[in-house]
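In listed order, ligands and their atoms are each counted from 1. Count residues from 1 along the sequence.
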Amino acid sequence: MRDLANVALDTAQQKGASYADIRFVTDRSRNVSVKNGKVESLSNNESQGFGVRVIVNGAWGFSSSSLVTRAEIERVTAEAVQIARASASVFRQPVQLGDPISIQDRYVTPADIDVFSVSLDDQIKILLEADLEMRRVEGIRIANGMISTLKTSKIFASTEGSYIEQELSESGAGIEVYAVNEDGVQKRSYPNAFGGGWETGGFEYVHKLDLPGHARRISEEAIQLLTAPVCPTGVTNLILSSNQVALQVHESCGHPVELDRVMGMEASFAGTSFLTTEKKGNFRYGSDLVNVYADATVPRGLGTFGYDDEGVPAQRTPLILNGIFQDYITDRETAATLGQQSNGTSRADGWNRIPMIRMTNINLEPGNAGSLEDIIAATDEGIFMDTNKSWSIDDKRLNFQFGLEAAWEIKNGKRGQLYRNPAYTGMTPVFWGSCDLIGSRDHWTVWGVPNCGKGEPMQGMHVGHGAAPARFHNIKIFGA
Ligand SMILES: [Zn+2]
């Protein structure tokens, strides 16, 4: 592959490029899902190709192809140069990349059980066992389960001398049930409701999730929700499950810190940010307890890798320290505009897309409040809400509203009445400013989000969020 990479790099330079890189990418995935006792879908996908990115006269050009041959690489590279030349003719600031980066390395996701070593039969067996448990509870209308496994092989080479090979593997799995009565539909899911639980690593993660072991509980809770009262309206202490804290971080911390959004270069998918550059280093984002890092090195995170798609090493960058906003997530070009070096968050959704700033693992660091049960025990009056059902947030990432699957009244440190259709609303810095308890490291999970969307054309991305259960005071709650 080194020879083929050099074809692109040499061709680009001969045609006048001041910088070029090529990425060869092979994605392989297997997905199986079961619905109401039957296999609903089975798919095996493979996608292979390369993308060439060049800078000519200070402007980017990009082109790609699924045909990995010497002649095609020459043709595609020439096309990328042509595109760059055309966009350079429209006056704009020339692209700066900061200091050159030259790295030769190989990174392989650590895994105990190779994700493709487990037969489809064995995967279906896990899902059918969970399905049987879910439907043992009377009144369940729909029971769904899914397992996905994925491997990505990437080679990155650049005119600055980098040559980096990566073999990444991931798995995901989840179950959900629906129950229906005259008051509406109730849903419960495990381990979360954003496309199942996901991690980098091997199939051991699916075993650890133990889908059958949680199947009966979610069914029983869905049935109880059908006749539970609607969540009351008020202002109270709100305790969130760690999977909801993860989504709250995603929407109200992860997206606003994307520097291309801040600079107005990327406005798709509710796309600017309130977090303008004069706020860097002084803006109070949350209470003293709130520490957020972008960490592409955390073991098993879905946004964990060796190098990003510009060949920048995976890093752990403080974004918020003791509540004060510190830094953005950047790529080489946006970092250079602030006189910084990239913190390694540029990724592309496959070989035929240009990389852009994407969350890695955006983690709310653990606190010292123990477990969820400890936080409940420390709360005289409030409400505990579990697992996301719906969300909305404005285009600056400031005002938001989340609906959840279930909630329980908290009185004198104990769980009481179950409520259906709970929701809460808030404003990003006020909400994080009201955070007064965060669970400890033993109760901290790096949740994977396999479907973060950004860009035009849309690029889906696999990102992660470390989160523990947490408590927030004076939060507006209501029944949706
Ligand atoms: Zn997203």
Colleague: With no hydrogens and no angle check, just 3.5 Å: does a side-chain donor-acceptor pair link Asn243 and Ser241?
Modeller: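 The answer is yes; a qualifying pair exists.
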Colleague: With heavy-atom distances below 4.5 Å as the criterion, would you say the side chains of Thr334 and Glu258 are in contact?
Modeller: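 SC-SC contact between Thr334 and Glu258 ruled out.
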Colleague: Less than 6.0 Å separating the ring centroids of Tyr107 and Phe305?
Modeller: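 No - the distance between ring centres of Tyr107 and Phe305 does not fall below the 6.0 Å cut-off.
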Colleague: Determine whether more than 12 heavy atoms belonging to other residues, nucleotides or ligands lie under 6.0 Å from atom NZ of Lys476.
Modeller: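 Check fails, neighbour count at 12 or below.
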Colleague: Parallel, tilted or perpendicular: which one describes the rings of Phe402 and Phe400, with boundaries at 30° and 60°?
Modeller: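 If you compare the ring of Phe402 with that of Phe400, the planes turn out tilted.
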Colleague: Can you count the protein N, O or S atoms that lie less than 2.8 Å from the Zn ion (ligand 1)?
Modeller: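 Protein heteroatoms (N, O, S) closer than 2.8 Å to the Zn ion (ligand 1) number 3.
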Colleague: Answer yes when Lys151 and Asp114 have at least one side-chain N-carboxylate O distance shorter than 4.0 Å, and no when they do not.
Modeller: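 Counted as a salt bridge, because a side-chain N and a carboxylate O are separated by less than 4.0 Å.
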